[in-house]
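Quick caveat, the model's predicted, so the values are computed rather than measured. Residue numbers start from 1 in every chain, and the chains themselves are labelled A, B, ... in the order their sequence lines are given, proteins ahead of strands.
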Amino acid sequence: MNDTLQKLARVRMAPSPTGFLHIGGARTALFNWLFAKQHNGTFILRIDDTDMARSTEESMREIYSGLKWLGLDWDEGGDKGGPYEPYVQSERISGGVYVPYVQQLLENGTAYHCYCTPEELAAIRAQARVEKRTRSYDGRCQHLTQKAKACFAAEGRKPTVRIKMPNTPIQVDDIILGIRNIDPGTLEDEVIVRSNGMPTYNLTSIIDDVEMQITHVIRGTEHLNTTPKQMAIANALGLKVPQFAHIPLVLDSSGRKMSKRHHGALVAVNRYREQGYLPEAMLNFVARLGWAYDDKQEIFSVEELIEKFDLGRVGKSGSVFDLKKLEWLNAHYITQLDVSARTDAVIPFWQAEGLVDTTALTAEHRAWLEKIVGAVGERLTTLQDIIPQTRYFFTDAFDYEAKAVKKWWGNSAEKQNKTVEILTSLSQILAGIPAFDLGTVESAIWKYTDENNIKRVAAMQALRIALTGTSFGPSLFDIVVLLGRDEVLKRITRAIVQLSGPAA
RNA sequence: GGCGCUAUCGUCUAGGGGUCAGGACAGAUGGUUCUCAGCCAUCAAACCGGGGUUCGAAUCCCCGUAGCGCUACCA
């Protein structure tokens with residue numbers, strides 16, 4: 001690839017709007033986007049919605065929002081326009097874009113009308129299968145006489161248009177897979193226009209790529225087998241094809257291709273956003289699926305990806321989607337946020353749970369929230385984790401976790417009496433200390449445990465359950481101070497009542 | 001069934017004729033702390049099989065095998 005070409009690099013992502021943006025789509029988008037960025041090129045978002053029955057507006061919006069969230073902005077495309085608009089294939093169809101190409105193909109004899117019905121075709125396929133033949137459709141309509149055509153037409157049959165495959169090998173030069181020659185004997189005369197007049201993907205895709213001056217088609221390997229077909233169409237039209245790069249599939253844990261149909265929400269990019277994943281983590285994760293820079297680096301900022309990503313280093317085999325690794329990355333990126341930014345990130349989650357009302361957020365309240373986030377520290381794998389980690393700060397309507405109660409409050413009357421004793425003492429101490437700050441609270445509690453020969457863990461865990469209902473969480477001193485004296489005393493009293501009650 | 005693609009720890013991968021086959025995630029153990037998370041230390045864990053080529057092959061070649069993808073008037 002020379003300098004001129006590099007400056008002119010034009011790549012595209014061409015999703016069909018039949019569902020949400022999924023992990024594989026996000027990765028395809030990222031690889032294209034990175035390629036465009038590093039070659040000073042143009043990233044185009046084209047909507048391939050030739051399958052009218054399955055395409056929806058809503059899906060289109062989902063894809064836009066997913067890409068925007070990831071920060072993968074496009075220079076030309078669907079909602080944005082550009083020098084080669086429209087970028088939505090259904091609009092191109094109604095604009096008659098493909099008609100002259102089909103006309104040309106028909107006129108130069110590389111395409112022909114086929115009058116076979118779907119039923120006939122199914123029978124042909126079944127027959128080919130029992131005979132173990134490579135191609136099924138045998139080109140039988142290629143040499144139909146005018147009379148035969150008229151006859152079919154009289155029956156009311158509407159023809160499809162098929163492309164005639166060449167009998168010379170087609171060479172596919174793929175950046176990732178290398179050069180390979182496809183035996184034309186394995187290719188069949190594909191339908192390029194349906195009987196209802198709608199063009200099919202193989203036709204529209206390559207024509208749009210050519211018309212939009214796409215230089216590199218970077219797409220999933222599920223399209224590998226369609227490449228020679230598309231090249232045959234371009235060749236028949238005398239068009240120059242772009243360079244191809246087929247990236248390996250994203251697989252599930254049993255090694256199968258991740259798909260909307262079989263994996264649902266697990267592959268939906270927007271669901272990860274809802275669950276509190278950061279776009280940086282998502283991007284970093286997806287970039288490392290099938291690609292590595294060296295044997296050291298795992299963490300890549302977007303800037304570093306632009307600098308270091310190399311399509312030529314992308315592997316050839318599929319990669320299994322590993323949620324644990326995504327979680328690790330996400331926790332890392334959350335930690336990278338300073339407390340203020342982390343608070344901003346977490347507020348929508350509190351709000352969704354009704355724990356924080358952003359319409360009435362005072363500076364004082366905001367400062368308190370930041371302290372909570374600071375106390376939680378590195379305990380967030382996803383932003384959503386803020387809820388179980390902090391719910392008790394906002395409400396005392398929580399249950400005491402049974403397992404924790406059993407372990408730390410005790411399951412015998414004797415142990416429970418001891419717990420009541422400890423909680424009572426702590427309550428008195430906390431009620432009596434002159435100041436309610438970290439240092440004072442800490443030294444008062446340690447003084448009590450050490451002087452009375454009580455295990456620190458025992459006292460602390462008993463108190464933790466009283467205040468939060470759980471046995472895990474931030475430093476208990478942080479919790480005590482952030483809750484405030486009144487609330488702490490109230491919750492201890494409530495715990496004592498619980499422990500002394502008939503049920504306990 | 002046909003056609004195609006692929007093959008290093010459980011997972012993501014580095015390496016690529018001579019390496020103790022490296023790292024990361026996950027897992028296990030220990031340490032630190034009031035718990036959890038984290039952090040630190042340690043451990044366990046791989047070149048699909050068989051033939052060649054070669055002094056030497058995980059690496060190159062061939063053949064198998066397995067997995068996956070495609071096989072539509074879906075994209």
Side-chain angles (χ1 to χ4, degrees), chain A residues 14-18 48-51 53-55 89 114 116-118 121-122 125-126 128-136 158-162 177 180 182-183 185-188 190-202 204-205 219-226 228 246 248-249 251 253-257 285 288-299 315-329 331 335 376-381 385 389 404 408 442 445-446 449 455-465 468 470-477:
Chain A
S16 61
T18 55
D48 280 12
D49 60 345
T50 55
D51 183 354
R54 294 197 303 148
S55 298
Q89 285 185 336
C114 169
C116 295
T117 62
L121 258 13
R125 259 197 305 275
R129 204 171 169 125
V130 297
E131 288 173 20
K132 303 188 178 188
R133 277 188 285 114
T134 294
R135 38 204 306 196
S136 55
K158 297 256 193 283
T160 60
V161 178
R162 286 184 186 269
L177 268 8
R180 51 207 68 223
I182 307 320
D183 174 4
T186 65
L187 268 18
E188 26 182 89
E190 295 289 323
V191 170
I192 55 173
V193 180
R194 298 176 174 96
S195 56
N196 65 6
M198 290 297 168
T200 62
Y201 163 78
N202 282 131
T204 58
S205 177
R219 59 174 24 160
T221 33
E222 69 266 32
H223 292 289
L224 187 58
N225 292 324
T226 68
H246 288 95
L249 301 175
L251 313 171
S253 53
S254 44
R256 262 178 269 277
K257 175 174 125 177
F285 173 68
R288 282 286 288 100
L289 242 36
W291 172 82
Y293 176 66
D294 57 19
D295 63 344
K296 300 184 180 65
Q297 192 171 0
E298 290 290 340
I299 306 288
K316 297 177 184 176
S317 50
S319 314
V320 173
F321 175 92
D322 180 12
L323 187 62
K324 289 286 185 193
K325 182 129 182 203
L326 208 212
E327 287 177 346
W328 171 72
L329 245 8
T335 306
V376 170
E378 301 186 356
R379 273 165 272 247
L380 301 177
T381 295
D385 289 346
Q389 282 286 348
W408 296 108
E442 181 171 349
I445 292 180
W446 285 166
T449 54
K455 274 192 181 160
R456 287 183 170 191
V457 197
M460 293 297 271
Q461 285 300 78
L463 180 59
R464 178 182 294 278
I465 293 162
T468 72
T470 68
S471 61
F472 63 89
S475 161
L476 192 52
F477 301 121

Chemist: Heavy atoms only, 4.0 Å cut-off, all strands: where does A:E298 land among base, sugar-phosphate and nothing?
Modeler: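 It contacts base atoms.
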Chemist: Using a cut-off of 4.0 Å on non-hydrogen atoms, how would the nucleic acid contact of A:T134 be classed: base, sugar-phosphate, or nothing?
Modeler: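 Here A:T134 touches the backbone only, sparing every base.
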Chemist: If you pin A:K325 and A:A128 to their nearest nucleotides in RNA chain B, which one's is more 5'?
Modeler: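 First, find each residue's nearest nucleotide; the 5'-ward one identifies A:A128.
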Chemist: Rounded to whole angstrom, note down the C1' distance from B:rC60 over to B:rU54.
Modeler: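 Between the two C1' atoms, the distance is 10 Å.
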Chemist: Name the closest nucleotide to the A:L224 side chain, picking from B:rC5, B:rA24, B:rU13.
Modeler: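 My answer, after comparing the listed nucleotides, is B:rC5.
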Chemist: For the atom pair CG (A:L476) and CG (A:L463), what is the distance rounded to the nearest 0.5 Å?
Modeler: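 Between A:L476 CG and A:L463 CG, I get 4.5 Å after rounding to 0.5 Å.
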Chemist: Between C1' on B:rA24 and CG on A:L326, what's the gap in Å once rounded to a whole number?
Modeler: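 Atom CG in A:L326 sits about 14 Å away from atom C1' in B:rA24.
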Chemist: Starting at atom CG of A:L187, determine the distance to atom P of B:rG4, rounded to an integer number of angstrom.
Modeler: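 That distance rounds to 11 Å.
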Chemist: What contact category does A:F477 fall into here, base, sugar-phosphate, or nothing, at under 4.0 angstrom with non-hydrogen atoms?
Modeler: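 Touches a base.
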Chemist: For B:rC48 versus B:rC9, give the span between their C1' atoms, rounded off to a whole number of Å.
Modeler: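 Approximately 14 Å lies between the C1' atom of B:rC48 and that of B:rC9.
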Chemist: The criterion is side chain to side chain contact (heavy atoms under 4.5 Å, CB included); which residues satisfy it with A:T117, sequence neighbours excluded?
Modeler: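 Testing A:T117 for side chain to side chain contact (heavy atoms under 4.5 Å, CB included), a comparison that skips the adjacent residues, returns A:E119, A:E120, A:R157.
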Chemist: With a 3.5 angstrom cut-off on both distances, give the Watson-Crick or G-U wobble partner of B:rC68, or none if there isn't one.
Modeler: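 Base partner found: B:rG4.
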Chemist: Nearest whole Å is fine: how far is B:rC34 P from A:M460 CE?
Modeler: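 So the two atoms are 8 Å apart, to the nearest Å.
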Chemist: On RNA chain B, compare the nucleotides closest to A:R288 and A:I182; which residue's is nearer the 5' end?
Modeler: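 It is A:I182 whose nearest nucleotide is closer to the 5' end.
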Chemist: What integer number of Å spans the P atoms of B:rG49 and B:rA66?
Modeler: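 15 Å, rounded to whole Å.
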Chemist: Which heavy-atom pair separates A:S319 from A:L289 by the least distance, and what is that distance?
Modeler: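 Shortest heavy-atom contact: OG-C, 3.7 Å.
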Chemist: Report the residues that fulfil side chain to side chain contact (heavy atoms under 4.5 Å, CB included) with A:K324, sequence neighbours left out, ordered by chain and then residue number.
Modeler: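 Residues passing side chain to side chain contact (heavy atoms under 4.5 Å, CB included) with A:K324: A:D322, A:E327.
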Chemist: Closest approach to the side chain of A:Q461, judged atom by atom: which nucleotide of B:rG2, B:rC12, B:rU35 is it?
Modeler: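 Closest nucleotide among those given: B:rU35.
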Chemist: Rounded to the nearest angstrom, tell me the gap between atom NZ in A:K296 and atom P in B:rC25.
Modeler: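 One finds 16 Å between P of B:rC25 and NZ of A:K296, rounded.
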Chemist: From A:D385 CG over to A:R379 CZ, what is the distance, rounded to the nearest 0.5 angstrom?
Modeler: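 Between atom CG of A:D385 and atom CZ of A:R379 there are 12.0 Å.
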Chemist: Which whole-number value in Å describes the distance from A:K324 NZ to B:rC12 C1'?
Modeler: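 Rounded to the whole Å, the gap is 15 Å.
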Chemist: In terms of side-chain heavy atoms of A:V457, which of B:rU13, B:rU35, B:rA24 is nearest?
Modeler: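 Shortest atom-to-atom distance from the side chain points to B:rU35.
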Chemist: Side chains of A:W408 and A:R464: does their closest heavy-atom pair fall under 4.5 Å?
Modeler: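 Heavy-atom side-chain distance check fails, nothing below 4.5 Å.
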Chemist: Could you measure between the two C1' atoms, the one in B:rC73 and the one in B:rG4, and give it in whole Å?
Modeler: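 It works out to 24 Å between them.
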Chemist: Check the distance between B:rU35's P and A:Q389's CD and give it to me in whole angstrom.
Modeler: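 So the CD-P distance, A:Q389 to B:rU35, works out to 15 Å.
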Chemist: Of all the nucleotides listed (B:rC5, B:rU11, B:rC34), which has the minimum atom distance to the side chain of A:L177?
Modeler: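 Of all the options, the side chain of A:L177 is nearest to B:rC5.
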Chemist: So what's B:rU32 paired with, Watson-Crick or G-U wobble, going by both distances under 3.5 Å?
Modeler: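 B:rU32 is paired, partner B:rG38.
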Chemist: Evaluate the side chain to side chain contact (heavy atoms under 4.5 Å, CB included) criterion for residues A:L177 and A:K316: first the C-alpha distance (whole Å), next the side-chain angles of each, then the deciding distance (0.1 Å), finally the verdict.
Modeler: CA-CA 7 Å; A:L177 268 8; A:K316 297 177 184 176; 3.9 Å; yes
Chemist: Using a 6.0 Å cut-off, check whether atom OH of A:Y293 has over 12 heavy atoms from anything other than its own residue.
Modeler: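 Counting other residues, nucleotides and ligands, OH of A:Y293 stays at 12 neighbours or fewer.
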Chemist: Rounded to whole angstrom, note down the C1' distance from B:rC62 over to B:rC70.
Modeler: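 My reading of the C1' atoms in B:rC62 and B:rC70 gives 27 Å.
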Chemist: Quick one: A:W291 CH2 to B:rU11 C1', roughly how many Å, whole number?
Modeler: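 Value for this atom pair: 18 Å.
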Chemist: Quote, to the nearest angstrom, the P distance that separates B:rA37 from B:rA26.
Modeler: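 Taking atom P in both B:rA37 and B:rA26, they lie 12 Å apart.
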Chemist: With C1' as the reference atom in both, quote the distance from B:rA44 to B:rC36 in angstrom, rounded to an integer.
Modeler: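 Result for the C1' pair: 26 Å, nearest Å.
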Chemist: Taking side chain as C-beta onward, heavy atoms only, is A:T226 less than 4.5 Å from A:E190?
Modeler: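 With C-beta onward as the side chain, the pair stays apart.
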Chemist: With a 3.5 angstrom cut-off on both distances, give the Watson-Crick or G-U wobble partner of B:rG18, or none if there isn't one.
Modeler: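 The answer is B:rC55, by the H-bond criterion.
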Chemist: When the C1' atoms of B:rG30 and B:rA58 are considered, how many whole Å apart are they?
Modeler: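 To the nearest whole Å, 35 Å.
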Chemist: Hey, mind stepping through A:D183 and A:T134 against side chain to side chain contact (heavy atoms under 4.5 Å, CB included) and telling me if it holds?
Modeler: CA-CA 11 Å; A:D183 174 4; A:T134 294; over 6 Å; no
Chemist: Could you encode protein contacts along nucleotides 59-75 of chain B as a string, one character per nucleotide from 5' to 3', using B for base contact, S for sugar-phosphate-only contact and - for no contact, with a heavy-atom cut-off of under 4.0 Å?
Modeler: ---------SBS-SBBB
Chemist: Could you please name the partner base of B:rC43, counting Watson-Crick and G-U wobble pairs only when both distances are under 3.5 Å?
Modeler: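 Its partner is B:rG27 (Watson-Crick or G-U wobble, both distances under 3.5 Å).
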Chemist: Applying a 4.0 Å non-hydrogen cut-off, can you work out what A:L289 is touching in the nucleic acid: base, sugar-phosphate, or nothing?
Modeler: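 Sugar-phosphate, no base atom in range.
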Chemist: Please report, rounded to the nearest Å, how far the P atom of B:rA37 is from the CG atom of A:L380.
Modeler: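 In whole Å, B:rA37 P and A:L380 CG are 14 Å from each other.
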Chemist: Among the nucleotides B:rC34, B:rA26, B:rU6, which one has an atom lying closest to any side-chain atom of A:K316?
Modeler: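 Shortest atom-to-atom distance from the side chain points to B:rU6.
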